Amino acid sequence: MAEATPIRPLSAASVETWHREADVVIAGYGIAGVSAAIEAARAGAEVLVLERTSGWGGAAALAGGFIYLGGGTPLQKALGFDDTPENMKAFMMAALGPGADEEKITDYCEGSVDHYNWLVDNGVPFKESFYGQPGWETPFDDGLMYSGGENASPFKEIASPAPRGHVPQMTGKRTGEKGGGYMLMKPLVETAEALGVTPEYDMRVQRLIVDDSGRVVGIVAKQYGKELAIRARRGVVLATGSFAYNKEMVQQYAPRLIGRPGASIEEHDGKSILMAQALGADLAHMDATEVAFFGDPQLMVRGILVNGRGQRYVNEDTYPGRIGQETLLRNENQAFLILDEEAYEEGCAATSSTPFFRFQPKWVAETVEELESDMGLPTGTLQSTVEVYNRHAANGEDPVLGKKPEWVKPIGSPIAALDLRNCTAGFTLGGLRTSINSEVLHVSGEPIPGLFAAGRCTAGVCAGGYASGTSLGDGSFYGRRAGIAAAKA
């Protein structure tokens with residue numbers, strides 16, 4: 001558990017012994033940390049990585065492995081998809097707001113193809129195959145799929161749909177353990193250590209060390225209970241993850257996630273954010289959250305999702321993370337999936353990466369009126385919702401929410417409802433405000449000398465919305481920038 005208040009920096013003048021030192025000291029050995037380490041080492045710096053756990057990987061190694069890339073990557077082109085940085089930007093600005101950082105998103109989109117090539121050059125493999133089915137991720141080793149609702153309303157009307165979820169190829173992968181994220185991290189760690197990067201494990205960072213001018217010149221860490229002062233001759237990079245597991249910070253900034261952290265690890269306690277805040281670091285989008293939804297997309301697209309008033313509230317063929325946000329943040333965490341027997345059986349027979357989200361119906365009835373009564377919904381609410389949906393579905397249309405025609409079919413009988421209330425969890429998206437060179441910015445707007453950050457401890461390209469792959473994409477992209485900037489500092 002992190003302290004509830006910021007940890008004040010230590011004056012360099014009070015340090016009696018520097019126990020370790022390097023040109024660049026990086027806190028965290030996940031995707032942002034390893035990317036920073038590689039680029040700092042290539043820039044000629046001696047690099048020391050302090051990792052809290054006993055091994056590399058962080059949350060990245062447990063992730064599905066999506067890296068959000070586009071603008072015309074070689075993989076997109078090989079699979080016949082056209083994309084441009086401008087088209088990618090149009091989607092990201094619409095989907096990742098409100099308040100998305102246009103400068104950062106423009107920079108990210110313009111550098112996306114180069115970043116893909118950098119990953120490949122560092123040993124990350126991508127298979128030339130496209131997975132086009134609804135899903136949280138591909139159940140196979142395909143290299144590309146839609147991962148943000150790009151091909152669904154309302155975004156398909158804003159920007160030309162292009163899949164940008166790039167997934168490292170891995171045989172025998174498993175959701176949550178040795179998934180695509182492991183195959184992203186493994187070659188990058190091997191590259192870093194071949195470059196001479198030194199990792200030091202079981203190191204819990206405590207506070208920053210500053211000189212008389214206010215420049216960050218080191219970091220205090222604890223290893224096996226012993227406090228160590230570690231000097232950074234050029235710069236410190238913070239890359240220790242989000243604050244999803246800091247109860248006090250979640251309660252203060254993102255209370256909708258109280259008691260429901262997910263897609264994260266317990267080490268994400270906001271420590272880097274607190275340490276930098278103690279130096280006057282600025283924050284951004286601290287209320288923003290990704291929200292996972294525990295429903296199988298193969299079932300959701302074949303039915304309709306209604307809230308506690310029996311009303312539809314989101315197109316069911318969109319990105320599941322958007323469904324999660326709409327459910328938790330705007331519909332009081334109330335969700336029911338309505339579908340008929342034929343649709344339920346079809347969905348259960350389809351291949352999915354999340355078959356464990358295929359719950360049994362809680363209510364089954366012969367008529368909508370009977371189902372509505374059994375569910376305890378106000379009389380006429382679900383009936384009117386299904387009647388309107390079916391009226392247009394007879395023509396293969398969904399003018400209310402814009403679900404694609406391939407998934408629009410009248411709901412028949414018998415009819416069932418899956419109880420998906422409270423089926424959400426998520427992680428925080430806000431954090432330290434940084435420049436496009438990954439400098440941590442003071443509340444005055446000026447960079448804090450010697451301090452850099454990347455990954456989920458920062459406010460990245462997501463300001464409100466989310467797309468799978470933006471965390472690993474943003475973390476690796478700006479981790480590289482942090483390493484370069486710290487090595488030059």
Side-chain angles (χ1 to χ4, degrees), residues 2-3 6-10 18-41 45-61 185 188-189 192 197-210 215-223 226-243 245-246 264-279 281 431-432 434 438-440 448 450-458 475-476 478-483 485-487 489:
E3 289 83 354
I7 301 169
R8 295 185 181 278
L10 178 69
W18 292 101
H19 298 91
R20 296 289 299 275
E21 66 177 80
D23 294 325
V24 174
V25 176
I26 300 169
Y29 210 9
I31 187 61
V34 72
S35 300
I38 290 171
E39 292 290 34
E46 179 188 4
V47 182
L48 175 63
V49 180
L50 311 178
E51 168 54 39
R52 176 172 170 171
T53 68
S54 57
W56 54 262
M185 285 297 303
L188 294 181
V189 169
V197 170
T198 301
E200 192 72 51
Y201 297 108
D202 300 301
M203 296 280 272
R204 290 173 172 259
V205 296
Q206 302 295 306
R207 53 179 171 165
L208 297 167
I209 303 173
V210 297
R215 180 182 182 84
V216 175
V217 296
I219 196 164
V220 175
K222 276 188 177 180
Q223 186 180 44
K226 181 181 179 182
E227 195 167 270
L228 306 174
I230 299 161
R231 183 184 175 207
R233 293 185 288 261
R234 302 187 193 179
V236 168
V237 177
L238 301 176
T240 59
S242 75
F243 63 94
Y245 275 89
N246 183 310
S264 188
I265 55 176
E266 292 185 10
E267 288 77 17
H268 280 204
D269 61 3
K271 197 66 168 283
S272 283
I273 298 173
L274 296 172
M275 288 162 48
Q277 271 188 285
L279 286 178
L432 300 170
T434 56
S438 296
E439 302 157 300
V440 175
I448 296 175
L451 187 61
F452 309 86
R456 279 275 61 89
C457 67
T458 71
S476 54
Y478 286 105
R480 292 175 61 197
R481 291 283 178 82

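Starting from 1, each residue takes its place in the sequence as its number. All figures in this text were calculated on a predicted structure; none of them were measured in a lab.
For the atom pair CZ of R52 and CD of E266, the computed distance is 9.0 Å after rounding to the nearest 0.5 Å. Here K271 contributes atom NZ and Q206 contributes atom CD; the two are 4.0 Å apart, rounded to the nearest 0.5 Å. Considering OH of Y201 and CD of Q223, their distance stands at 12.0 Å, rounded to 0.5 Å. The CZ atom of R8 sits 13.5 Å away from the CG atom of L208 when rounded to the nearest 0.5 Å. The distance from the CD atom of Q277 to the OG atom of S272 is 11.5 Å, given to the nearest 0.5 Å. For the atom pair CD1 of I7 and CZ of R207, the computed distance is 8.5 Å after rounding to the nearest 0.5 Å.
In this view, R231 and E21 satisfy the salt bridge (Lys or Arg N to Asp or Glu O under 4.0 Å) rule, not counting sequence neighbours. A59 is linked by a side-chain contact (heavy atoms from CB on, under 4.5 Å) to I265, H268, counting only residues two or more places apart in sequence or in another chain. By the side-chain contact (heavy atoms from CB on, under 4.5 Å) test, E46 pairs with A22, D23, R233, sequence neighbours left out. For S35, there are no side-chain hydrogen bond (donor to acceptor under 3.5 Å, both in side chains) partners at least two apart in sequence or on another chain. For R234, the side-chain hydrogen bond (donor to acceptor under 3.5 Å, both in side chains) test picks out no residue, with sequence neighbours left out. Residues satisfying the side-chain contact (heavy atoms from CB on, under 4.5 Å) criterion with A27, sequence neighbours excluded, are V205, I219, L238, T240. By the side-chain contact (heavy atoms from CB on, under 4.5 Å) test, A229 pairs with V15, W18, H19, I209, sequence neighbours left out. Every residue meeting the side-chain hydrogen bond (donor to acceptor under 3.5 Å, both in side chains) condition with R20, not counting sequence neighbours, appears here in chain and number order: E200. With sequence neighbours excluded, the residues forming a side-chain hydrogen bond (donor to acceptor under 3.5 Å, both in side chains) with E39 are W118, R480, listed by chain and number.
Checked by atom type and distance alone, the side chain of S438 pairs as donor or acceptor with a backbone atom of Y478 at under 3.5 Å. Side chain of E439 to backbone of I448: no donor-acceptor contact under 3.5 angstrom is found.
Considering all non-hydrogen atoms of both residues, G475 and A454 come closest at O-CB, 4.3 Å. The minimum heavy-atom distance linking A41 with V197 is given by the pair CB-CG2, 3.9 Å. The two residues R215 and G450 have their closest heavy-atom pair at NH1-N, 3.8 Å. Closest of all the heavy-atom pairs between G431 and I273 is CA-CD1, 4.0 Å. Contact detail for T434 and A453: the closest heavy-atom pair is CG2-O, 4.0 Å. Contact between A486 and V237 at its shortest, heavy atoms only, is CB-CG2, 3.9 Å.
Side chains of V189 and Y29 form a contact here, defined as non-hydrogen atoms less than 4.5 Å apart.
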Worked check of side chain to side chain contact (heavy atoms under 4.5 Å, CB included) between I31 and L188: CA-CA 8 Å; I31 187 61; L188 294 181; 3.6 Å; yes

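A salt bridge is absent between R204 and D269: the closest approach of a Lys/Arg side-chain nitrogen to an acidic carboxylate oxygen does not fall below 4.0 angstrom.
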